[in-house]
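Numbering of ligands and ligand atoms starts at 1, following listing order. For reference, positions follow the sequence shown, starting with 1.
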Amino acid sequence: MAFISRGFRGKRRDAASSSRVPPGQHVVGDFPVLSAGPTPRPDLAKWSFTINGEVDAPKTWSWDELRKLPAEDITVDIHCVTKWSKLGTNWRGVSVDTLMGNVETSAEYLVAFSDGGYTTNMPLTDVLDGQAWVAFGYDGEALEAEHGGPARLLVPHLYLWKSAKWVRGIRLEKDERPGFWESLGYNNHGDPWKEERYWGD
Ligand SMILES: Nc1nc2c(c(=O)[nH]1)N[C@H]1C(S)=C(S)[C@@H](COP(=O)(O)O)O[C@H]1N2
Ligand SMILES: [Mo]
């Protein structure tokens, strides 16, 4: 009897967590670091965040200006294309909605660009309406450099390669232009629930 009831409980727990974990992913407790190059350590006095491209005039915020914008606490699950997911991560940052507030654009796409040269592209509609942030806090502390500090893009509903670490801005574009991993075979969109991992998925 005890054996049957243990098995039953186990199954129920699996069903509950699998509804929260996208197909092909497994949950990790630690926070892996995945960087394609060395970790930049920019001088905050010279740091800026810029929105440019398909705009009448580019917008730029210094570090101090960015930190004076309204910030939000964000608790989200994150999903890496290498198949780990981390549930309930806690971030603090400024929403892309806030940054885009006064920006008029006819662009439908963007490329996020970072110190070190990393880029990643996505449709503009995937970063608006409370879906993306420029995050500078993690678990109540300043975001560690290894995880993208001083600031990274956070787009938790897409695979984590879209969440550009050490982000310095977004370029608004009329046409979709592949970023770093997207040029190397990763999907232009990257929805974990649809398993959009690679070209053609
Ligand atoms: N600038 C930059 N951003 C990046 C990367 C990178 O190599 N450089 N790697 C991406 C990938 S593939 C993943 S899975 C996540 C990893 O974030 P983490 O190191 O905080 O886990 O960052 C993404 N953002
Ligand atoms: Mo990744």
Side-chain angles (χ1 to χ4, degrees), residues 21-44 46-52 63 66 73-94 96 99 109-123 126-127 131-171 177-201:
V21 180
Q25 298 291 112
H26 67 268
V27 174
V28 296
D30 60 342
F31 194 170
V33 171
L34 284 101
S35 304
T39 296
R41 299 187 187 260
D43 178 355
L44 286 184
K46 293 180 194 147
W47 189 95
S48 60
F49 185 88
T50 297
I51 297 178
N52 61 20
W63 178 255
L66 181 89
D73 291 313
I74 310 122
T75 299
V76 285
D77 302 340
I78 54 177
H79 312 289
C80 174
V81 73
T82 62
K83 303 203 166 174
W84 57 267
S85 291
K86 187 168 173 58
L87 305 183
T89 58
N90 297 305
W91 304 81
R92 187 163 180 81
V94 174
V96 174
L99 296 164
Y109 300 96
L110 68 91
V111 173
F113 54 90
S114 297
D115 279 329
Y118 187 84
T119 56
T120 183
N121 63 290
M122 63 208 89
D126 274 278
V127 298
Q131 297 186 96
W133 296 265
V134 172
F136 43 75
Y138 183 80
D139 257 354
E141 311 273 349
L143 179 62
E144 285 177 57
E146 286 75 15
H147 287 299
R152 80 182 293 171
L153 198 62
L154 177 64
V155 194
H157 77 287
L158 300 178
Y159 282 124
L160 202 57
W161 88 80
K162 302 288 184 180
S163 294
K165 302 198 282 190
W166 316 299
V167 72
R168 290 296 299 272
I170 57 186
R171 191 167 64 243
R177 221 178 305 185
F180 177 78
W181 283 117
E182 293 85 359
S183 307
L184 295 169
Y186 281 25
N187 195 274
N188 264 327
H189 189 221
D191 181 341
W193 296 96
K194 297 181 184 160
E195 282 209 82
E196 293 171 337
R197 297 176 191 273
Y198 309 111
W199 292 351
D201 281 350

If you measure every N or O of [X] against every N or O of ligand 1, does any of those distances drop under 3.5 Å?
X     : result
Val33 : no
Ser35 : no
Gly37 : no

Show the atoms of ligand 1 that are less than 4.0 angstrom away from any heavy atom in [X].
X      : result
Ala36  : 6 (C), 7 (O)
Ala164 : 3 (N), 24 (N)
Trp181 : 12 (S)
Trp166 : 1 (N), 2 (C), 8 (N)
Ser114 : 1 (N)

Which residue owns the protein heavy atom closest to [atom], what's the atom, and how far is it?
atom                    : value
atom 12 (S) of ligand 1 : Trp161 CB, 3.5 Å
atom 19 (O) of ligand 1 : Lys165 NZ, 2.5 Å
atom 21 (O) of ligand 1 : Pro32 O, 2.6 Å
atom 23 (C) of ligand 1 : Leu160 O, 3.4 Å
atom 17 (O) of ligand 1 : Arg152 NH2, 3.1 Å
atom 10 (C) of ligand 1 : Tyr118 OH, 3.5 Å
atom 24 (N) of ligand 1 : Ser163 O, 3.2 Å

With heavy atoms under 4.0 Å as the rule, classify the contact between [X] and ligand 1 as side chain, backbone, both or neither.
X     : answer
Phe31 : side chain
Cys80 : side chain
Trp84 : side chain

- Please name the pair of heavy atoms, one in Gly93 and one in Phe136, separated by the smallest distance, quoted to 0.1 Å.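 For Gly93 versus Phe136, the nearest heavy atoms are CA-CE2, 3.8 Å.
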- Query: Taking all non-hydrogen atoms of both residues, which atom of Trp47 and which atom of Pro42 are closest, and how far apart?
  - Reply: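 Minimum heavy-atom separation between Trp47 and Pro42: CD1-CG, 4.0 Å.
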- Query: For Trp161 and Thr120, what are the C-alpha separation, side-chain angles and deciding distance, and is it a side-chain contact (heavy atoms from CB on, under 4.5 Å)?
  - Reply: CA-CA 8 Å; Trp161 88 80; Thr120 183; 3.7 Å; yes
Polar side-chain atom of [X] near backbone of [Y] as donor-acceptor pair, under 3.5 Å:
X      : Y      : result
Lys86  : Val27  : no
Arg168 : Thr50  : no
Gln131 : Val155 : no
Asp73  : Arg92  : no

- Relative to the ring of Tyr118, is the ring of Phe180 parallel (under 30°), tilted (30 to 60°) or perpendicular (over 60°)?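 Correct class here is tilted.
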- Task: Can you figure out which of Thr89, Asp30, Leu34 has its heavy atom closest to atom 9 (N) of ligand 1?
- Result: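 Considering heavy atoms of Thr89, Asp30, Leu34, the nearest to atom 9 (N) of ligand 1 sits in Leu34.
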- Hey, which of Lys165, Arg41, Arg152 is the one that makes salt bridge (charged side-chain N to carboxylate O under 4.0 Å, His left out) with Glu146?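 Of the listed residues Lys165, Arg41, Arg152, the salt bridge (charged side-chain N to carboxylate O under 4.0 Å, His left out) partner of Glu146 is Arg41.
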- Message: Which residue in the set Lys162, Arg177, Arg197 passes salt bridge (charged side-chain N to carboxylate O under 4.0 Å, His left out) when paired with Glu182?
- Response: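 For Glu182, the salt bridge (charged side-chain N to carboxylate O under 4.0 Å, His left out) test succeeds with only one of Lys162, Arg177, Arg197, which is Lys162.
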- Centroid-centroid distance, Tyr138 to Phe31, less than 6.0 Å: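 They qualify: ring centres under 6.0 Å apart.
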- Would you say the side chains of Glu196 and His189 form a donor-acceptor pair under 3.5 Å?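 Yes, a side-chain donor-acceptor pair sits under 3.5 Å.
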